[in-house]
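What follows is a set of notes on a single structure, which appears directly below.
Naming convention: chains lettered A, B, ... in sequence-line order (proteins, then strands); numbering from 1 in each chain.
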Amino acid sequence: MPVKIYNTLTRKKEELKPIEPGHIKLYVCGITSYDYCHIGHARSALAFDMIVRYLRYLGNKVTYIRNFTDIDDKIIARAAEQNTSTEELANRFIDEFYVDMDKLGVDRPTMEPKATEHIQEMVDLIGDLIDKNMAYPSGGDVYYSVNSFSEYGKLSGRNLEDMQAGARISVNENKSNPMDFVLWKASKPGEPSWDSPWGPGRPGWHIECSAMSRKYLGTTFDIHGGGQDLIFPHHENELAQSEGANAKPFVNMWIHHGFVTIRDEKMSKSLGNFLTIRDILDHYHPEVLRFFIFSTQYRNPLDFSEAAMQDAMAGLDRLYECVAAVERLSANYSENTETVAGNKDKAKIGSMEKRFQKAMDNDFNTAQAQGILFETVKVMNKILRQLPDTPAEEDYKLLQDAAATLKKLAAIMGLLQENAANYLAAKKAAMLARINISEEEIVELIKQRNQARTDKDWARSDEIRDNLLDQGIELKDGPEGTKWSVKRS
RNA sequence: GGCGGCGUAGCCAAGCGGCUAAGGCACUGGUCUGCAAAACCAUGAUUCAGCGGUUCAAAUCCGCUCGCCGCCUCCA
């Protein structure tokens with residue numbers, strides 16, 4: 001089954017056909033490094049992490065490039081505020097970025113080039129554009145001439161007339177057309193600068209991606225990705241630069257993911273309604289954030305709320321509890337016991353991986369893929385419930401296989417990566433830490449309650465249970481005795 | 001104003017021309033239990049924002065209306 005991807009350029013879902021069969025070349029716009037990353041950055045990193053993992057799961061080689069923008073206006077401004085150099089500031093937040101990414105379990109891309117380490121490549125590319133009369137130096141700057149590229153606007157579906165009619169563009173006397181954008185900026189005194197044929201300066205934002213993708217992936221590559229807010233102007237301009245300079249198609253497919261919103265508004269620094277990744281990880285397990293982010297398809301907006309995170313946690317727990325239950329089964333199965341799994345159950349479990357793939361093939365539909373995991377869990381729980389003490393060999397193996405497949409598929413979304421028993425135990429411990437009662441006390445109270453139960457002193461028994469419940473401890477009486485868990489708040 | 005997207009049960013979310021409209025969370029009833037909890041089973045949209053149209057057949061395609069969001073300025 002081919003993978004179908006929604007291509008921003010054509011506004012259609014298209015089959016992914018790598019230029020080099022079995023080898024997919026992907027470039028993603030990474031962060032501008034001047035502050036801690038927020039959940040929106042997490043969504044971007046996680047979405048492409050999932051895409052890369054899935055493509056590799058299918059057997060492809062994936063070359064994944066994600067850049068760091070480590071020089072730009074915001075970095076210069078922030079460094080000045082903090083009385084430090086742009087280099088120190090950028091590197092500091094690159095380190096912080098890795099702290100977050102490692103906690104989230106994001107795999108490192110194949111290569112992570114920095115803009116400042118590719119100045120020569122950018123200067124060369126700008127030179128190519130000037131040679132072709134597609135760019136012009138002016139007052140120490142160099143500008144791209146949008147009129148020189150007849151297809152300008154094809155990615156974002158705009159045309160020059162409409163944009164100029166909307167005119168929210170600041171007037172700049174160096175430009176011959178107000179829509180022209182800067183490739184090289186003359187540096188002001190005190191700003192970081194590099195030598196160039198047009199005098200000391202620094203690169204414009206868009207040129208770095210054109211230069212670095214050309215260096216590492218070639219003039220035409222398979223997929224370019226980023227957030228929807230990058231479609232215009234960033235990706236439109238990249239495309240104009242690259243196709244202008246190389247006279248070849250830049251990218252076959254453009255993938256743009258949706259935003260994280262809060263109360264249905266885009267999370268952004270200017271609105272001040274953003275939450276950093278570490279804010280979230282202070283309160284939730286990284287996989288809860290992953291589960292939440294993958295609970296909708298990557299192109300749709302995703303509204304953050306505490307309630308949504310609680311839902312995500314409940315869902316993730318359900319998956320872990322099922323896996324833990326299977327792993328708790330002892331291997332003393334028998335060949336003589338009758339099986340409890342029906343044909344429908346076996347079919348449902350047996351088809352899980354195919355159905356999961358079908359969902360993922362359809363533009364990485366993780367929401368549907370999660371649904372398929374849950375359908376399987378439902379069947380597994382049903383079998384587990386009916387299982388006798390000495391289960392049939394067939395049932396035992398069916399469940400073990402199902403749990404293994406479940407973990408394998410969940411891993412594409414970075415879920416179920418921990419040992420299930422450990423995950424649940426750690427969670428219990430973490431929740432217990434927030435409550436003023438020790439494990440020993442709980443065990444002692446359960447002992448007392450069980451004595452009361454033996455004596456049929458239900459009043460005393462219920463009193464103990466209710467008191468524990470008030471403190472957030474839930475008791476569950478089962479055939480193997482009383483178990484307890486910390487209640488979800 | 002230009003361009004793009006969205007509107008499916010209490011909430012979240014799949015489905016993108018044709019089997020009973022996935023799944024999660026919450027709720028309710030049942031099994032279990034001394035009573036609970038957990039787990040399991042069952043139940044919920046005659047209907048997919050509204051109105052028209054195309055079709056043997058539409059949540060799915062087309063048009064219009066209403067509502068929400070995003071881009072057009074740095075932004076994942």
Counting only distance, no hydrogens or angles, is the base of B/A76 paired donor-acceptor with the side chain of A/Arg43 under 3.5 Å?
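Check fails, no donor-acceptor contact within cut-off.
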Check if the side chain of A/Arg385 and the base of B/C41 share a donor-acceptor pair of N or O atoms closer than 3.5 Å.
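Answer no: no donor N or O sits under 3.5 Å from an acceptor.
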I need the [atom1]-[atom2] distance between [X] and [N], as an integer number of Å.
X	N	atom1	atom2	result
A/His257	B/C71	NE2	C1'	14 Å
A/Phe181	B/U73	CZ	P	13 Å
A/Asp303	B/G7	CG	C1'	14 Å
A/Asp264	B/G67	CG	P	16 Å
A/Tyr152	B/C72	OH	P	12 Å
A/Tyr27	B/A76	OH	P	13 Å
A/Lys266	B/C71	NZ	C1'	8 Å
A/His235	B/U73	NE2	C1'	17 Å

Got a sec, which residues hit side chain to side chain contact (heavy atoms under 4.5 Å, CB included) with A/Asp73, two or more places apart in sequence or on another chain?
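If we apply the side chain to side chain contact (heavy atoms under 4.5 Å, CB included) test to A/Asp73, skipping adjacent residues, the hits are A/Lys185, A/Arg202.
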Could you work out, with side chain to side chain contact (heavy atoms under 4.5 Å, CB included) as the rule, every residue matching A/Ser213, not counting sequence neighbours?
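Applying side chain to side chain contact (heavy atoms under 4.5 Å, CB included) to A/Ser213 gives A/Tyr27, A/Phe221, A/Phe250.
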Ion pair check, [X] and [Y], cut-off under 4.0 Å:
X	Y	result
A/Arg278	A/Glu96	yes
A/Lys427	A/Asp317	yes
A/Glu287	A/Arg290	no
A/Asp363	A/Arg299	yes
A/Glu236	A/Lys154	no

Distance, [atom1] atom - from [M] to [N], rounded to whole angstrom:
N	M	atom1	answer
B/C56	B/A14	P	32 Å
B/G5	B/A42	C1'	39 Å
B/C69	B/A13	P	16 Å
B/A26	B/C12	P	15 Å
B/A59	B/G53	P	15 Å
B/G23	B/U43	P	11 Å
B/A49	B/U60	C1'	15 Å
B/U46	B/G29	C1'	23 Å

Along RNA chain B (nearest heavy atom to each residue), the more 5'-positioned of A/Lys74 and A/Asp462:
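Of the two residues, A/Asp462 wins.
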Using heavy atoms to find the nearest nucleotide of RNA chain B for A/His206 and A/Lys476 separately, return the residue whose nucleotide is more 5′.
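Nearer the 5' end of the strand: A/Lys476.
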Taking RNA chain B as the partner, which of residues 225-234 of chain A come within under 4.0 angstrom of it by heavy atom?
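Only A/Gly226, A/Gly227, A/Asp229, A/Leu230, A/Phe232 qualify.
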Hey, mind stepping through A/Glu14 and A/Thr10 against side chain to side chain donor-acceptor pair (under 3.5 Å) and telling me if it holds?
CA-CA 9 Å; A/Glu14 292 174 355; A/Thr10 57; 2.6 Å; yes
Categorize A/His256 for me: base, sugar-phosphate, or nothing, with a 4.0 angstrom heavy-atom threshold over every strand shown.
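Since no nucleic acid heavy atom lies under 4.0 Å of A/His256, the category is nothing.
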Looking at every strand, decide which applies to A/Arg460 at a 4.0 Å heavy-atom threshold: base, sugar-phosphate, or nothing.
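The answer is nothing, as A/Arg460 stays clear of every strand by at least 4.0 Å.
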Protein and nucleotides 2-6 of chain B: nitrogen or oxygen contacts under 3.5 angstrom:
residue	atom	partner	partner atom	Å
B/G2	O2'	A/Asp162	OD2	2.9
B/G2	N2	A/Arg158	NH1	3.4
B/C3	O2'	A/Ser156	O	3.4
B/C3	O2'	A/Gly157	O	3.4

Apply the test ring pair (Phe, Tyr, Trp, His ring centres under 6.0 Å) to residues A/His41 and A/Phe97: give CA-CA distance (whole Å), side-chain angles for both, the deciding distance (0.1 Å), then the verdict.
CA-CA 10 Å; A/His41 298 112; A/Phe97 171 78; 8.1 Å; no
Verify the distance criterion only: is there a donor paired with an acceptor across the side chains of A/Gln471 and A/Asn467 at less than 3.5 Å?
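Their side chains do not contain a donor-acceptor pair, so the 3.5 Å distance test is not met.
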Looking only at side-chain N and O atoms, does A/His235 offer a donor or acceptor that is under 3.5 Å from a partner on A/His206?
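No, because no side-chain N or O of A/His206 sits under 3.5 Å from a partner of the opposite role on A/His235.
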Passes side-chain contact (heavy atoms from CB on, under 4.5 Å), A/Glu15 versus A/Ile5? Steps please.
CA-CA 6 Å; A/Glu15 251 181 60; A/Ile5 299 177; over 6 Å; no
Using Watson-Crick and G-U wobble pairs with both distances under 3.5 Å, what is the 5'-to-3' dot-bracket string of RNA chain B, with [ ] for crossing pairs and | for pairs outside the strand?
((((((((.[[[..)..(....]]]..((((.......))))......[[[[[..)....]]]]])))))))....
Is there a side-chain contact between A/Asn381 and the phosphate of B/C40, meaning an N or O under 4.0 Å from OP1 or OP2?
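Yes, because at least one side-chain N or O of A/Asn381 sits under 4.0 Å from OP1 or OP2 of B/C40.
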Measuring to OP1 and OP2 of B/G70, would you say a side-chain N or O of A/Thr261 lies under 4.0 angstrom away?
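So the side chain of A/Thr261 is outside the cut-off, no N or O lying under 4.0 Å from OP1 or OP2 of B/G70.
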I'd like to know whether A/Gln448 forms a side chain to side chain donor-acceptor pair (under 3.5 Å) with A/Arg453, so could you lay out the CA-CA distance, the side-chain angles of the two residues, the decisive distance to 0.1 Å, and finally the verdict.
CA-CA 9 Å; A/Gln448 289 179 24; A/Arg453 291 178 72 211; over 6 Å; no
Residue from A/Leu230, A/Asn237, A/Ile231 passing side-chain contact (heavy atoms from CB on, under 4.5 Å) with A/Ser156:
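Answer after filtering A/Leu230, A/Asn237, A/Ile231: A/Ile231.
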Which class fits the ring pair A/Phe274 and A/His38: parallel under 30°, tilted 30 to 60°, perpendicular over 60°?
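Plane angle between 30° and 60°, so tilted.
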Does A/Gln297 form a side chain to side chain donor-acceptor pair (under 3.5 Å) with A/Asn365? I'd like the steps, not just the answer.
CA-CA 5 Å; A/Gln297 203 264 354; A/Asn365 194 333; over 6 Å; no
Among B/C74, B/G34, B/A13, the nucleotide that comes nearest once only the side chain of A/Trp458 is considered:
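Selected nucleotide (nearest to the side chain): B/G34.
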Under a 4.0 Å heavy-atom criterion, the protein footprint on nucleotides 15-24 of chain B, written with B, S and -, is S------BSB
